[in-house]
Asks: 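Just passing along the structure, written as structure tokens.
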Amino acid sequence: MKGNGVRGVGLGLLAACLALAIGPGTGTEVRPAGGGAMVELDTGEAPLVALTFDDGPRNATTGRLLEGLALREVPATFFLVGERIAGSEDLIREMAAEGHQIGIHTYDHVRVTELSRADFDLQVSKTRALLTDILGQGDYWLRPPYGIVDRSVEQWADGPLILWSVDPEDWKYQDADRIVDCVTRQVEDGDIILMHDIYDTSVDAALRIVDELLDRGYCFVTVEQLMDLRGVQPENGGLYTALCPEKNGGHPD
């Protein structure tokens with residue numbers, strides 16, 4: 001990804017985690033976009049997982065989440081709603097500076113399948129323009145709200161469409177214990193976890209999930225890093241849910 005969509009926070013921890021988990025194997029180079037040295041990661045069979053958050057930013061909860069992730073040196077991917085960006089510019093700069101990948105969740109959190117081509121382009125371009133003003137040029141991949149797409153959306157997208165493979169429905173239950181149990185029981189190597197950083201219970205659960213999965217030997221990566229490490233070339237209009245062979249290599253049926 002070009003520009004400031006993602007940087008290299010947590011790569012030192014990631015490299016160490018991979019080395020401890022699997023030992024010698026096939027090396028893969030990851031270059032953080034926006035600068036920083038390349039890091040050669042020993043990929044092998046290490047369990048990788050991408051933690052992603054929708055619907056933010058919200059200063060109180062997103063800020064607390066960023067603090068917790070920084071303490072653990074764990075990168076995540078945030079899909080931001082354009083109308084919520086105003087007033088959170090410093091938080092978004094912090095997000096980028098700490099190496100998290102930043103994407104688009106439309107401007108008004110709308111079902112993209114109900115939009116005309118012009119309205120779809122506006123929903124994406126308005127949000128991208130706001131992010132560009134704050135962070136500079138970047139690809140800023142799209143996660144369609146509700147995960148609903150059709151052939152038109154796939155054709156209109158000027159980048160990959162990022163979905164998910166583990167959904168604890170944290171927005172619905174807002175119960176940290178339930179969320180943690182749901183994710184930690186389901187998660188497998190290569191999964192993309194969906195959560196929402198606008199709820200206190202989701203922040204609490206996310207940090208507990210990170211701690212438990214780190215203890216299990218998982219390495220947390222951004223979605224882009226997950227694709228790099230699994231040798232997946234992102235395609236415009238491609239749908240990506242998980243990046244492991246038993247889950248269709250990232251492409252849902």
Asks: I'd like to know if Arg93 and Asp90 make a salt bridge, using a cut-off of under 4.0 Å between side-chain N and carboxylate O.
Replies: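 Here Arg93 pairs with Asp90 in a salt bridge, since their nearest N and O are under 4.0 Å apart.
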
Asks: List the steps, then state whether salt bridge (charged side-chain N to carboxylate O under 4.0 Å, His left out) holds for Asp170 with Arg178.
Replies: CA-CA 8 Å; Asp170 58 320; Arg178 185 188 187 282; over 6 Å; no

Asks: Run the salt bridge (charged side-chain N to carboxylate O under 4.0 Å, His left out) check on Arg151 and Glu154 step by step: do they pass?
Replies: CA-CA 5 Å; Arg151 291 298 180 189; Glu154 292 174 20; 3.0 Å; yes

Asks: Looking at Ala157 and Asn236, what are the two nearest heavy atoms and their distance?
Replies: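 Distance-wise, the nearest heavy atoms are O-CB, 3.8 Å.
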
Asks: So do the side chains of Asp158 and Arg128 get within less than 4.5 Å of each other, counting heavy atoms only?
Replies: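 Result yes, sub-4.5 Å side-chain heavy-atom pair found.
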
Asks: Identify, with sequence neighbours excluded, every residue that meets salt bridge (Lys or Arg N to Asp or Glu O under 4.0 Å) alongside Glu212.
Replies: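 By the salt bridge (Lys or Arg N to Asp or Glu O under 4.0 Å) rule, Glu212 matches Arg216.
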
Asks: Does a side-chain heavy-atom distance below 4.5 Å link Leu122 with Tyr107?
Replies: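 Sidechains of Tyr107 and Leu122: no contact.
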
Asks: Tell me, with the steps shown, if Asp189 and Leu243 meet side-chain contact (heavy atoms from CB on, under 4.5 Å).
Replies: CA-CA 8 Å; Asp189 178 30; Leu243 295 172; over 6 Å; no

Asks: Taking salt bridge (Lys or Arg N to Asp or Glu O under 4.0 Å) as the test, write out the residues that go with Arg58, two or more places apart.
Replies: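 Result, salt bridge (Lys or Arg N to Asp or Glu O under 4.0 Å) vs Arg58: none returned.
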
Asks: Are the side chains of Val210 and Phe220 in contact, using a 4.5 Å heavy-atom criterion?
Replies: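 The answer is yes; the side chains approach within 4.5 Å.
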
Asks: With heavy-atom distances below 4.5 Å as the criterion, would you say the side chains of Thr106 and Thr127 are in contact?
Replies: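 They are not in contact (no side-chain heavy atoms under 4.5 Å apart), so the answer is no.
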
Asks: So among Arg84, Lys126, Gln123, which one has a side chain to side chain donor-acceptor pair (under 3.5 Å) with Asp108?
Replies: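 Of the listed residues Arg84, Lys126, Gln123, the side chain to side chain donor-acceptor pair (under 3.5 Å) partner of Asp108 is Gln123.
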
Asks: Got a sec, which residues hit salt bridge (Lys or Arg N to Asp or Glu O under 4.0 Å) with Arg111, two or more places apart in sequence or on another chain?
Replies: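 Applying salt bridge (Lys or Arg N to Asp or Glu O under 4.0 Å) to Arg111 gives none.
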
Asks: Would you check, one step at a time, whether the test side-chain contact (heavy atoms from CB on, under 4.5 Å) holds for Asp175 with Thr201?
Replies: CA-CA 6 Å; Asp175 179 331; Thr201 49; over 6 Å; no

Asks: Excluding sequence neighbours, so at least two apart, what forms salt bridge (Lys or Arg N to Asp or Glu O under 4.0 Å) with Asp55?
Replies: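 Checked Asp55 against salt bridge (Lys or Arg N to Asp or Glu O under 4.0 Å); zero matches.
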
Asks: Among residues two or more places apart or on two chains, list those pairs meeting ring-ring contact (aromatic ring centres under 6.0 Å, His included) that have a residue in residues 70-93.
Replies: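 Pairs touching residues 70-93 that pass the test: Phe53-Phe78, Phe78-His100.
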
Asks: If we only count heavy atoms from C-beta on, is the His105 to Pro145 side-chain gap below 4.5 Å?
Replies: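 Heavy-atom side-chain distance check passes, below 4.5 Å.
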
Asks: State whether a side-chain donor-acceptor pair under 3.5 Å links Thr61 with Asp200.
Replies: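 No.
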
Asks: Please test Thr113 against Asp150 for side chain to side chain donor-acceptor pair (under 3.5 Å), starting from the C-alpha separation and ending with a verdict.
Replies: CA-CA 6 Å; Thr113 54; Asp150 59 15; 5.0 Å; no

Asks: Answer whether the closest heavy-atom distance between the side chains of Ile209 and Met195 falls below 4.5 Å.
Replies: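 A side-chain contact under 4.5 Å exists here.
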
Asks: Heavy atoms, side chains only, cut-off 4.5 Å: are Val153 and Leu161 in contact?
Replies: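 Contact flag for Val153/Leu161 side chains = yes.
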
Asks: Please step through salt bridge (charged side-chain N to carboxylate O under 4.0 Å, His left out) for the pair Arg208 and Asp204, ending with a clear verdict.
Replies: CA-CA 6 Å; Arg208 287 170 55 187; Asp204 294 339; over 6 Å; no

Asks: Would you call the rings of Tyr146 and His109 parallel, tilted or perpendicular if under 30° counts as parallel and over 60° as perpendicular?
Replies: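 Correct class here is perpendicular.
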
Asks: What pairs with Tyr199 under ring-ring contact (aromatic ring centres under 6.0 Å, His included), at least two apart in sequence or on another chain?
Replies: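 Tyr199 satisfies ring-ring contact (aromatic ring centres under 6.0 Å, His included) with no residue once adjacent residues are dropped.
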
Asks: So Asp191 and Trp164, do their side chains get closer than 4.5 Å, heavy atoms only?
Replies: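 Heavy-atom side-chain distance check fails, nothing below 4.5 Å.
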
Asks: Could you tell me if Thr52 and Arg143 have a donor-acceptor pair between their side chains, going purely by distance under 3.5 Å?
Replies: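 There is such a pair between these side chains.
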
Asks: For Val166 and Ile192, run side-chain contact (heavy atoms from CB on, under 4.5 Å): C-alpha distance rounded to whole Å, both residues' side-chain angles, the deciding distance at 0.1 Å, then the answer.
Replies: CA-CA 6 Å; Val166 176; Ile192 298 175; over 6 Å; no

